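So the structure is just underneath, and the comments pick up after that.
Chain letters run A, B, ... following the sequence lines, proteins first, then strands; residues in each count from 1. In this text, all values refer to a predicted model and were calculated from it rather than measured experimentally.
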There are 2 protein chains.
Amino acid sequence: MMRDVSTLIQSKGPYETGERIYKIQDQFKSLFIIKSGVVKLEKVDNDGNSHISGFYFPGDVIGLESIGDEQYNYNAIALEKTWVCEIPLDRLESLGQSIIAVQQTIITLLGKRVHQADDMLTRGRYLSSEQRLLVFFEMLCKRYFIQTIDSKKKLHLPMSKVDIASYLGMRPESVSRALRNLQNQGVIQNHLKTIEIKDLNVAKKMICKSRWGLLRDKC
Amino acid sequence: MMRDVSTLIQSKGPYETGERIYKIQDQFKSLFIIKSGVVKLEKVDNDGNSHISGFYFPGDVIGLESIGDEQYNYNAIALEKTWVCEIPLDRLESLGQSIIAVQQTIITLLGKRVHQADDMLTRGRYLSSEQRLLVFFEMLCKRYFIQTIDSKKKLHLPMSKVDIASYLGMRPESVSRALRNLQNQGVIQNHLKTIEIKDLNVAKKMICKSRWGLLRDKC
DNA sequence: CGGGCGGTTGATTTGTGTCAAGGAGGGTGG
DNA sequence: CCACCCTCCTTGACACAAATCAACCGCCCG
């Protein structure tokens, strides 16, 4: 007899802004699907500097990055009011045959995660700070499902510019300057918690002009 | 009745230097364990520039990076005479129950792969080119199993300096210069296809002095 | 012998980090 | 409601590491 996976899964939340879904060195035993809200993953070094490894949105799974370890190796922090579903891994074995399907799902998710990371590695290095920001906004647009009328996109930023800087491997000052430049060029409009993409076509072209012509086919 | 995994696995090789174990857009259907030799994974963009995403050694599994896709998304190129074992994934289902164990193994491997990539992302950005090279050599030492007498390590480089540059996100000229600097400081000795680590302790110290104090605990 | 590729070196430019300062917004307490 | 503070963000002047451009060497291989 095969039990349903859903009997193991339970909803958790809400987590308020700044609350942690899990933290570094908590015992790793569950993945979490984000039902609503936004989550960042951060590492904190000895000097107290935080380093952002990614932002995650509804439908995304977090915890994958800790598979293979005993403990979580990142803090998962809600950036808005957030609900998640907990998927405990230690009890999956009681599912019987369907464990194969679950494993298959995890493999697929991990595969995507590897692609994503490899992509960042091979692409990111060869992009200017302005390009990195545009790529970032493009990603947000895809994930975030913006209401878009006539190719003009208003983009809410749930994370601070400091977090964006950390994620993109830049300093906050550089983010600020790059945004100003893009604004002067008429590509975007920079507000505090919002970015407005004025000229999507120009933006896309700018992303592709990698200094060494990398990955021009991706556009 | 449970068939043995090993009945599905067969040895392939030798691949000579420059030969491809698989290439981009080949149908993805197998992983490969490297039995002997060295393999690099590269992407080639439209302008013909190649971008190295990693080097792999005996015991490593390649093909993981393409899981989830229909085709391989990198070229796997032998850097020396290389033997591999092919692990076809499409016939794993005929293994019956033991598929769970195989899947579990794959999950573990993918997990490590994610860690590795995340690490590169969060660390790499904050290291100078000299530090990146030292980290690279350190990695080679670990993987490559050098015969080491009295903490003086001679390190054979199967890959070109150009490949190293690409992998580390630098230009060949910068690699050259960084090596010269390290040599002038007495840390290493730079030969054409060999690096000699003269002062391991100094090397380790240099790696740790991240500009922003990142990950000092790793040392 | 000659061509090509990998590697090295030098002169110069440039992007982005660094340091220092100031501003805008939001929250808290009087 | 205002004053204060704190954090996030922005701006400017400057420094520096690495990219760029150009040239050259040495090795391998036809």
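Remark: A:Thr17 pairs with no residue by the side chain to side chain donor-acceptor pair (under 3.5 Å) rule, at least two apart or across chains. Partners of A:Tyr167 under the ring-ring contact (aromatic ring centres under 6.0 Å, His included) rule, at least two apart in sequence or in another chain, are A:Phe55, A:Phe136. A:Tyr56 meets the ring-ring contact (aromatic ring centres under 6.0 Å, His included) test with no other residue; sequence neighbours excluded. Legend: residues meeting ring-ring contact (aromatic ring centres under 6.0 Å, His included) with A:Phe28, ordered by chain and number and at least two apart, are A:Tyr72. For the side chain to side chain donor-acceptor pair (under 3.5 Å) test, residues two or more places apart in sequence or in another chain that qualify with B:Ser66 are B:Asn73. Shown here are the side chain to side chain donor-acceptor pair (under 3.5 Å) partners of A:Glu130, two or more places apart in sequence or in another chain: A:Asn181.
Residue contacts for B:Asn181: at a heavy-atom cut-off of 4.0 Å it reaches no nucleic acid atom on any strand shown.
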Show each protein N/O and nucleotides 27-30 of chain D N/O combination with a separation under 3.5 Å, one pair to a line.
none

Please enumerate all protein N or O atoms sitting under 3.5 Å from an N or O of nucleotides 11-14 of chain D, with distances to 0.1 Å.
residue, atom, partner, partner atom, Å
D:dT11, OP2, A:Arg180, NE, 3.0
D:dG12, N7, A:Arg177, NH1, 3.0

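When the side-chain nitrogen and oxygen atoms of B:Ser129 are compared with OP1 and OP2 of D:dA18, one or more of them lie within a distance under 4.0 Å. The side chain of A:Asn190 places an N or O atom within less than 4.0 Å of a non-bridging phosphate oxygen (OP1 or OP2) of D:dT10.
Each salt bridge (Lys or Arg N to Asp or Glu O under 4.0 Å) pair with one or both residues in residues 107-116 of chain A, not counting sequence neighbours, appears once here: A:Arg113-B:Asp118. Applying the salt bridge (Lys or Arg N to Asp or Glu O under 4.0 Å) test to every pair with at least one member in residues 14-25 of chain A, sequence neighbours left out, gives these pairs: A:Glu16-A:Lys81, A:Lys23-A:Asp26. Applying the salt bridge (Lys or Arg N to Asp or Glu O under 4.0 Å) test to every pair with at least one member in residues 52-80 of chain A, sequence neighbours left out, gives these pairs: A:Asp60-A:Arg143.
Taking five base pairs at each end of the helix from C:dC1-D:dG30 to C:dG30-D:dC1, the local helix axes there meet at an angle of 40°, rounded to 10°.
Rounding to whole angstrom units, CE of residue A:Met159 and P of D:dC9 are separated by 11 Å. Between A:Tyr126 atom OH and D:dA19 atom C1' the separation is 12 Å, expressed in whole Å. Between A:Arg171 atom CZ and D:dC16 atom C1' there is a gap of 15 Å when expressed in whole angstrom units. Atom NE2 of B:His191 and atom P of C:dT8 are 12 Å apart (whole Å). A:Asn184 places its CG atom 13 Å from the C1' atom of D:dT10, with the value rounded to the nearest Å. Between A:Leu127 atom CG and C:dT16 atom P there is a gap of 10 Å when expressed in whole angstrom units. Distance A:Leu179 CG to C:dT16 P: 13 Å, rounded to the nearest Å. One can place CZ of A:Arg132 at 11 Å from C1' of C:dG15, the figure rounded to the nearest angstrom.
Note that CG of A:Asn190 and CD1 of A:Ile195 are 4.0 Å apart. Values are rounded to the nearest 0.5 Å.
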Decide yes or no on side chain to side chain contact (heavy atoms under 4.5 Å, CB included) for B:Ile188 and B:Glu196, but give the supporting numbers first. CA-CA 5 Å; B:Ile188 65 165; B:Glu196 191 177 339; over 6 Å; no

